[in-house]
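We count residues from 1, following the sequence as given. These numbers come from a predicted model, not from an experiment.
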Amino acid sequence: MSAAPEHGLEPRYQWPIPPAQGWTADDLDRIPGLPPHSELIDGSLVLMSPQTAFHARTMRLLENALLDLAPPELDVMREMTIRLDAKNRPEPDIMVFREEANTGPDQTWYEPQDVVLAIEVVSPDSIERDREVKPAKYATAGVCHFWRVEEEHGLPLVYSYELDPATKLYSTPTVHRERLELKVPFPIDIDLTSIDRPRRSAE
């Protein structure tokens with residue numbers, strides 16, 4: 001018996017059937033009907049759950065701040081994939097990368113060697129991926145800086161990691177509450193309490 005009616009799916013809808021060896025990074029651009037922000041982890045598709053207000057506001061805060069603070073040779077993008085290898089194309093919530101890696105308006109992914117910072121904002125359905133799976137893969141691929149962001153009393157709690165190039169492992173994280181101050185990968189000072197600050201009315 002089909003489970004489609006129970007879950008409110010159209011009876012005629014067909015889920016993508018993976019090949020025997022799993023999907024590849026290149027397949028992610030060719031599979032029809034995928035929802036936005038689908039990822040590829042170890043050859044398997046990962047679909048995103050609905051976004052929370054905390055997740056959306058945190059991404060807006062960090063993206064806007066990093067766009068203001070990043071030097072001209074770096075660019076900032078949200079929700080774009082990194083092609084780590086043939087079987088892995090995760091989508092960090094925000095990434096900072098070398099501006100020269102931009103190839104044009106149809107670009108859908110970046111190489112890990114061009115990514116300076118990957119940021120994951122943890123959601124209830126992504127806890128294991130964001131705490132364990134993705135950081136290990138980013139480190140192995142050589143992404144120099146990684147931030148994991150969690151919610152604490154309604155505010156972003158940021159764990160910042162730096163890669164040890166010899167071991168390809170991230171160092172013990174520095175924990176940031178209320179204010180995010182770092183000297184690398186460039187000088188950063190972000191007021192994390194401003195996540196819910198109302199926008200100023202137009203004068």
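Distance NZ/Lys183 to CG/Asp189: 12.5 Å, rounded to 0.5 Å. Here the OG atom belonging to Ser160 is positioned 11.5 Å from the CD atom belonging to Glu181, to the nearest 0.5 angstrom. Distance check: Arg30 CZ to Trp23 CH2 gives 10.0 Å after rounding to the nearest 0.5 Å. In this structure, CD in Glu178 is found 10.0 Å from NE2 in His153, a value given to the nearest 0.5 Å.
The backbone N or O of Ala136 sits less than 3.5 Å from a side-chain atom of Thr140, completing a donor-acceptor pair. In this structure, the side chain of Ser126 does not engage the main chain of Arg129 through any donor-acceptor pair within 3.5 Å. Using a distance-only test at 3.5 Å, with no hydrogens or angles considered, a donor-acceptor pair links the side chain of Asn64 to the main chain of Arg60. Listed for the Thr81 side chain is no donor-acceptor partner under 3.5 Å among the backbone atoms of Pro90.
Note on Ile188: it clusters hydrophobically with Val121, by side-chain heavy-atom contacts below 4.5 Å among ILVMFWY residues. Val76 and Met80 are assigned to two separate hydrophobic clusters, defined by single-linkage of ILVMFWY side chains at heavy-atom distances under 4.5 Å. Note: the hydrophobic cluster containing Ile127 does not contain Phe54 (ILVMFWY, side chain heavy atoms under 4.5 Å, direct or indirect links). Residue Met77 is not grouped with residue Leu66 when hydrophobic side chains (ILVMFWY) are merged at heavy-atom distances under 4.5 angstrom, including chains of intermediate members. Note: the hydrophobic cluster containing Met59 also contains Val158 (ILVMFWY, side chain heavy atoms under 4.5 Å, direct or indirect links).
Side chains of Tyr170 and Val143 form a contact here, defined as non-hydrogen atoms less than 4.5 Å apart. A heavy-atom distance below 4.5 Å is not found between the side chains of Thr24 and Arg89. Side-chain contact between Leu182 and His176: present, with at least one pair of heavy atoms (C-beta onward) separated by less than 4.5 Å. Pro187 places none of its side-chain heavy atoms less than 4.5 Å from the side chain of Leu69. Side-chain contact between Leu61 and Thr58 is absent, with no heavy atoms from C-beta onward closer than 4.5 Å. The side-chain heavy atoms of Thr193 and Leu155, taken from C-beta on, include a pair separated by under 4.5 Å. Side-chain contact check for Val184 versus His145: some heavy-atom pair is nearer than 4.5 Å. With contacts defined as side-chain heavy-atom distances shorter than 4.5 Å, the pair Pro92/Ile82 qualifies.
Around CD of Glu152, the count of heavy atoms belonging to other residues, nucleotides or ligands within 6.0 Å exceeds 12.
Each of Leu192, Asp191, Asp196, Ile190 was scored for a side-chain contact (heavy atoms from CB on, under 4.5 Å) with Ser194, with one residue passing: Asp191.
Closest non-hydrogen pair, Gln107 versus Ala101, comes out as NE2-O, 3.1 Å. Asp130 approaches Phe146 most closely through the heavy-atom pair O-CZ, 3.8 Å. In terms of heavy atoms, Ile94 sits closest to Leu62 at CD1-CB, 3.6 Å. The heavy-atom pair separating Asp42 from Asn88 by the smallest distance is N-OD1, 2.7 Å. Of all non-hydrogen atoms in Ala141 and Leu84, the two that sit nearest each other are CB-CD2, 3.7 Å.
Inspection of the Arg148 and Tyr161 side chains reveals an N or O donor paired with an N or O acceptor under 3.5 Å. A donor-acceptor contact closer than 3.5 angstrom links the side chains of Tyr138 and Glu120.
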* Should Phe97 and Asn102 be marked as a side-chain contact (heavy atoms from CB on, under 4.5 Å) after you check the CA-CA gap, both sets of side-chain angles, and the distance that decides it? -> CA-CA 9 Å; Phe97 57 94; Asn102 286 311; 3.3 Å; yes
* Asked: Given the rule in the side-chain contact (heavy atoms from CB on, under 4.5 Å) test, do Glu162 and Thr174 qualify, once you have shown the distances and angles that lead to the verdict?
  -> CA-CA 9 Å; Glu162 190 170 356; Thr174 301; over 6 Å; no
* Could you give me the CA-CA distance, side-chain angles and deciding distance for Leu28 and Trp109, then say whether side-chain contact (heavy atoms from CB on, under 4.5 Å) is met? => CA-CA 10 Å; Leu28 202 57; Trp109 52 270; over 6 Å; no
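Between Glu73 and Arg98 there is no salt bridge, since no side-chain nitrogen of the basic residue lies less than 4.0 Å from a carboxylate oxygen of the acidic one.
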